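One-based numbering along the sequence shown. No experiment lies behind these values; they were computed from the predicted model shown.
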Amino acid sequence: MTKQKTKGNRNYIEYVNSFDPPTQHFKTCFRAFMVGGFICTIGQFLRYMLEFAGMAGDELAGTVSVILIFIGTLLTGLGVYDRIGKNAGAGSIVPITGFANSVASPAIEFKTEGYVYGMAAKMFIVAGPIIVFGVSAGAAVGLIYWLMAL
């Protein structure tokens with residue numbers, strides 16, 4: 001029975017692989033690297049321009065983050081970010097614009113269900129766990145630093 005089961009699994013895997021084209025790992029990684037790098041280059045360009053305009057410190061970092069989040073959300077609303085993500089993979093997810101996309105996409109998708117039960121309730125489906133574990137990890141690290149300082 002076990003040999004028959006393994007043979008059936010092997011046949012099923014071969015059947016599924018016949019429909020799925022082989023992944024081109026180098027090409028996929030290269031695209032992710034280029035797109036992620038381009039997004040970060042845009043962020044660095046914004047930083048230099050705002051530094052040139054006279055901003056510094058936390059104000060500068062916050063402004064660049066807000067601009068990148070706005071751009072990511074705007075491109076998501078226009079349907080452009082989904083096309084970028086389809087071609088770039090993780091390269092579009094890792095920067096802060098990917099986080100903006102993960103919040104804006106469900107909000108746009110579930111808007112038809114209403115503002116409370118649709119958009120507001122479903123907005124953090126993807127980003128919610130990231131926020132929870134990010135805040136939890138930050139609190140844990142802060143607690144450890146506080147205990148070490150005693």
Side-chain angles (χ1 to χ4, degrees), residues 9 12-150:
N9 288 343
Y12 177 74
I13 291 171
E14 288 174 9
Y15 175 73
V16 169
N17 288 339
S18 69
F19 291 102
D20 191 25
T23 306
Q24 298 174 344
H25 296 292
F26 181 77
K27 184 178 177 182
T28 305
C29 289
F30 182 74
R31 278 188 188 166
F33 177 77
M34 293 305 290
V35 171
F38 182 68
I39 292 170
C40 293
T41 302
I42 291 170
Q44 192 65 40
F45 174 76
L46 290 170
R47 181 182 172 91
Y48 286 148
M49 290 296 108
L50 292 172
E51 272 182 331
F52 184 72
M55 275 194 196
D58 291 340
E59 184 180 70
L60 174 64
T63 304
V64 170
S65 296
V66 167
I67 291 171
L68 286 173
I69 289 169
F70 174 76
I71 290 171
T73 305
L74 179 68
L75 291 177
T76 299
L78 296 174
V80 174
Y81 208 87
D82 293 335
R83 285 184 271 161
I84 293 170
K86 187 181 265 187
N87 291 318
S92 66
I93 296 171
V94 175
I96 196 168
T97 53
F99 182 75
N101 178 315
S102 70
V103 173
S105 289
I108 292 168
E109 183 178 344
F110 293 107
K111 185 176 74 172
T112 58
E113 294 181 22
Y115 287 112
V116 175
Y117 292 115
M119 189 176 74
K122 308 276 182 158
M123 185 183 303
F124 295 104
I125 283 179
V126 176
I130 296 167
I131 294 170
V132 168
F133 288 111
V135 169
S136 300
V141 168
L143 182 64
I144 291 169
Y145 278 143
W146 182 74
L147 290 173
M148 288 173 48
L150 292 178

So, the side chain of Tyr81 versus the backbone of Ser92: is there a donor-acceptor pair under 3.5 Å, distance only?
yes
Side-chain donor/acceptor of Ser136 to backbone N/O of Phe133, under 3.5 Å:
no
Smallest separation among heavy atoms of [X] and [Y], with atom names:
X	Y	answer
Leu68	Gly43	CD1-CA, 3.9 Å
Gly91	Ile39	O-CD1, 4.0 Å
Leu46	Val64	C-CG2, 4.2 Å
Asn87	Arg31	O-CD, 3.1 Å

Euclidean distance, [Y] [atom2] relative to [X] [atom1], rounded to 0.5 Å:
X	Y	atom1	atom2	value
Ile84	Thr76	CD1	OG1	8.5 Å
Phe70	Leu75	CZ	CG	9.5 Å
Thr28	Phe26	OG1	CZ	10.5 Å
Ile69	Thr73	CD1	OG1	7.0 Å

Listed partners of Ala32 passing side-chain contact (heavy atoms from CB on, under 4.5 Å), at least two apart
none
Any residue meeting side-chain contact (heavy atoms from CB on, under 4.5 Å) with Met34, in chain and number order, not counting sequence neighbours:
Phe30
Derivation and outcome, side chain to side chain contact (heavy atoms under 4.5 Å, CB included), residues Asp82 and Asn101:
CA-CA 9 Å; Asp82 293 335; Asn101 178 315; 3.9 Å; yes
Report the C-alpha separation of Ile67 and Leu50 in whole Å, then their side-chain angles, then the decisive distance to 0.1 Å, and conclude whether the side chain to side chain contact (heavy atoms under 4.5 Å, CB included) test is met.
CA-CA 11 Å; Ile67 291 171; Leu50 292 172; 4.1 Å; yes
